[in-house]
Amino acid sequence: MDKSMLGDLDNLPEEDKIRMSSMIDQLQIRDSLRMYNSLVERCFNDCVDNFKHKSLQKQEETCVQRCAEKFLKHSMRVGMRFAELNQGAATQD
C-alpha cells in the first residue's frame with residue numbers, strides 16, 4: 001500500500017492506522033482481482049467462439065493477446081488520468 005495514503009490519518013491511534021492500512025490493502029487486492037476477472041471474461045467472450053480443440057487456435061490466440069493489451073493500456077491510461085485529476089484536486093486545496 002502507498003503510505004502517502006495514510007498521511008491524513010496522522011491523528012488516529014496506531015491501532016486504527018493499522019486497521020485502515022489493512023482495509024486499503026484488501027480493497028486494492030479486490031480491485032486487482034476484479035480487473036483480472038473482467039479482462040479474462042471480456043477477452044474470452046470476444047475471441048473464443050468454438051470448442052473443437054483443447055487449445056486456442058492461432059486466430060483466437062492473436063485475438064486474446066490484442067484484447068489483453070488493449071484492456072491493459074486502457075486501464076493504465078485511466079489510472080494515469082485519475083492520478084492527474086487527483087493531484088490537481090490536491091493542489092487546489
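Only heavy atoms go into these numbers, but all of them, side chains included; no hydrogens, no water, no symmetry mates.
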Can you measure from [atom1] ([X]) to [atom2] ([Y]) and round to the nearest 0.5 angstrom?
{"X": "Gln28", "Y": "Ile24", "atom1": "CD", "atom2": "CD1", "result": "7.0 Å"}
{"X": "Arg77", "Y": "Ser75", "atom1": "CZ", "atom2": "OG", "result": "12.5 Å"}
{"X": "Asp31", "Y": "Ser38", "atom1": "CG", "atom2": "OG", "result": "12.0 Å"}
{"X": "Met20", "Y": "Asp25", "atom1": "CE", "atom2": "CG", "result": "11.0 Å"}
{"X": "Cys47", "Y": "Arg66", "atom1": "SG", "atom2": "CZ", "result": "9.5 Å"}

Side chain to side chain contact (heavy atoms under 4.5 Å, CB included) assessment of Asp16 paired with Arg19: CA-CA 5 Å; Asp16 290 342; Arg19 191 175 311 131; 3.2 Å; yes

Neighbour count above 12 (heavy atom, 6.0 Å) for Gln87 CD: no

Path from Phe44 to Phe71 over hydrophobic side-chain contacts below 4.5 Å: no

Lys58/Glu61 salt bridge by N-O under 4.0 Å criterion: no

Trace of the side chain to side chain contact (heavy atoms under 4.5 Å, CB included) decision for Arg42 with Asn37: CA-CA 8 Å; Arg42 180 180 208 152; Asn37 287 334; over 6 Å; no

Close side-chain approach of Lys70 to His74, heavy-atom, < 4.5 Å: no

Over all atoms of both residues, closest heavy-atom pair of Asp49 and Glu60: N-OE2, 3.6 Å

Heavy-atom pair of closest approach, residues Leu39 and Cys67: CD1-O, 4.4 Å

Ser21 (side chain) donor-acceptor with Lys17 (main chain) under 3.5 angstrom: no

Donor-acceptor contact present, side-chain Asn45 to main-chain Glu41, <3.5 Å: yes

Stepwise side chain to side chain contact (heavy atoms under 4.5 Å, CB included) check, Arg34 with Arg30: CA-CA 6 Å; Arg34 185 177 291 151; Arg30 186 191 70 196; 3.4 Å; yes

